[in-house]
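For the numbers below, each heavy atom of this structure counts, side chains included, while hydrogens, waters and symmetry mates do not.
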2 protein chains.
Amino acid sequence: MMTPLDHAESWLADRGEKLTELRREVLSHLLDAHGPMKAYELLTALQKGRPGASPPTVYRTLDFLVGMGLVHRIDSLQSFVACPIFHAPHQGVMLVCERCHGVEELESPSWMETLRNEVAATGFVMNQHELEIKGLCRACQEATA
Amino acid sequence: MMTPLDHAESWLADRGEKLTELRREVLSHLLDAHGPMKAYELLTALQKGRPGASPPTVYRTLDFLVGMGLVHRIDSLQSFVACPIFHAPHQGVMLVCERCHGVEELESPSWMETLRNEVAATGFVMNQHELEIKGLCRACQEATA
DNA sequence: GGAAAAATGTAATGTTATTACATATTGGCC
DNA sequence: GGCCAATATGTAATAACATTACATTTTTCC
């Protein structure tokens with residue numbers, strides 16, 4: 001049985017990087033959360049087993065994981081979420097629920113190419129396709145109704 | 001000649017709100033900047049003529065202007081930009097240059113409806129259509145090349 | 001002109017993120 | 001094994017961003 005952490009490890013190995021113990025812990029917390037976590041929430045969690053953990057500990061590790069595509073930063077929530085689909089490079093679209101702050105990730109939807117073309121028509125070149133779309137997830141629509 | 005500030009004033013009047021002196025100053029600074037400004041940059045600018053200005057002064061005013069659609073918050077830059085098109089309600093797409101941090105606003109592009117429909121197909125309802133797309137603006141592409 | 005609502009002032013604090021430098025760990029090479 | 005360089009982590013301080021709570025002033029409207 002291949003766990004998400006195992007996947008992450010081989011994903012990194014393919015790129016010449018290592019899943020160190022610290023990185024493993026951080027990613028593990030994010031995976032367990034099943035949703036976005038704040039940097040300082042992660043810090044508190046880390047400090048349970050690692051008394052010396054400090055902000056740079058967390059931010060450096062997050063920078064690495066985000067750079068490798070294992071974690072996404074959600075700007076509008078100032079939070080971080082484990083990427084559920086890191087078996088391949090992908091273009092993520094984040095659906096951010098404004099009520100519960102849950103995040104669903106849509107992989108490479110069909111309109112991405114249209115979007116890219118129309119943006120390019122203005123002379124602007126998209127680098128990064130992490131779009132955040134805000135709204136209400138299904139559960140919160142039902143709860144609100 | 002109808003200045004942007006005059007437009008803003010009548011836009012607010014139509015909605016039963018006022019462009020007070022403080023709001024006018026903040027919006028004026030944002031318009032002059034021709035690009036995104038940080039909250040504390042605005043604060044420093046305000047303090048020139050208003051010694052008592054403090055963080056709440058700025059954040060409250062920005063909240064108001066954002067709420068009225070005269071200003072957009074750019075989450076990825078933690079900055080605020082005057083909206084160039086507040087003559088009508090619109091769906092903004094922000095093209096954020098990763099090099100110069102300039103922001104161009106695209107009004108209601110044609111793929112918006114497709115996007116909305118495809119997102120809706122997942123059970124998620126979009127509330128707010130302020131998308132941020134990161135990349136390189138034309139000028140920075142040329143400078144880099 | 002007086003009460004209620006809206007806007008602004010003021011002080012303190014909370015939250016998020018970075019800088020700069022020290023130490024430890026790993027991996028290659030002889 | 002012993003050394004060097006590169007990578008990773010530890011540590012202290014501080015910078016940058018944002019909110020809370022409450023006081024005061026200004027405006028609105030009867």
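If you measure from atom CD of A/E17 to atom P of D/dT9, you get 11 Å, rounded to the nearest angstrom. Taking atom CG of A/L62 as the reference point, atom C1' of C/dT16 lies 12 Å away to the nearest angstrom. In this structure, B/D63 atom CG and D/dT20 atom C1' are separated by 13 Å, rounded to whole Å. If you take CZ of B/F64 and P of C/dT8, they are 9 Å apart, rounded to a whole angstrom. The distance from atom CZ of B/R24 to atom P of C/dA7 is 16 Å, rounded to the nearest whole Å. Straight-line distance from the CD atom of A/E25 to the P atom of D/dT9: 10 Å, rounded to whole Å. Distance CZ (B/R60) to C1' (D/dT19): 11 Å, rounded to an integer number of Å.
Heavy-atom distances to DNA chain C give each of B/T57 and A/P55 a nearest nucleotide, and the one nearer the 5′ end belongs to B/T57.
Both tests hold for B/R23 against B/F64: distance to the six-membered ring centre under 6.0 Å, angle to the ring axis within 45°.
We find that A/K134 and B/D75 are joined by a salt bridge, their nearest charged nitrogen and carboxylate oxygen being less than 4.0 Å apart. Look at A/K18 and A/E9 and you find no salt bridge, because none of the NZ, NE, NH1 or NH2 atoms lies under 4.0 Å from a carboxylate O.
Each end of the helix from C/dG1-D/dC30 to C/dC30-D/dG1 gets its own axis from five base pairs, and the two axes differ in direction by 30°, given to 10 degrees.
Side chain of B/N117 to backbone of B/E113: a donor-acceptor contact under 3.5 angstrom is found. Judged by distance alone, the side chain of A/Q78 and the main-chain N or O of A/A39 form no donor-acceptor pair under 3.5 Å. Side chain of B/T122 to backbone of B/E118: no donor-acceptor contact under 3.5 angstrom is found.
For the atom pair CG (A/L106) and CE (A/M94), the distance works out to 9.5 Å, reported to the nearest 0.5 Å. The line from CG of A/L65 to CZ of A/R60 is 13.5 Å long, rounded to the nearest 0.5 Å. One distance of note links OG of B/S28 with CG of B/L19; it measures 9.5 Å at 0.5 Å rounding.
Contacts of B/E104 classified as salt bridge (charged side-chain N to carboxylate O under 4.0 Å, His left out), with partners at least two apart in sequence or in another chain: none. Shown here are the salt bridge (charged side-chain N to carboxylate O under 4.0 Å, His left out) partners of B/R116, two or more places apart in sequence or in another chain: there are none.
In this pair, A/W111 and B/W111 present their aromatic rings parallel. The plane angle is below 30°, not in the 30 to 60° band.
Relative to the side chain of A/Y59, the nucleotides C/dT16, D/dT9, D/dT19 differ in distance, and C/dT16 lies closest.
If you check residues 73-80 of chain B against DNA chain C, you find no residue with a heavy atom closer than 4.0 Å. For the segment residues 33-54 of chain A, the set of residues with a heavy atom within less than 4.0 Å of an atom of DNA chain C comprises A/K38, A/Y40, in numerical order.
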Under a 4.0 Å heavy-atom criterion, the protein footprint on nucleotides 25-30 of chain D, written with B, S and -, is --SS--
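B/L70 is not connected to B/V81 by any chain of hydrophobic side-chain contacts under 4.5 Å among Ile, Leu, Val, Met, Phe, Trp and Tyr, and they are in different clusters.
Within the 4.0 Å cut-off from OP1 or OP2 of C/dT8, at least one side-chain nitrogen or oxygen of B/T20 is found.
B/L27 and B/A82 make their closest contact through CD1-CB, 4.3 Å (heavy atoms, listed as atom of the first residue, atom of the second, distance).
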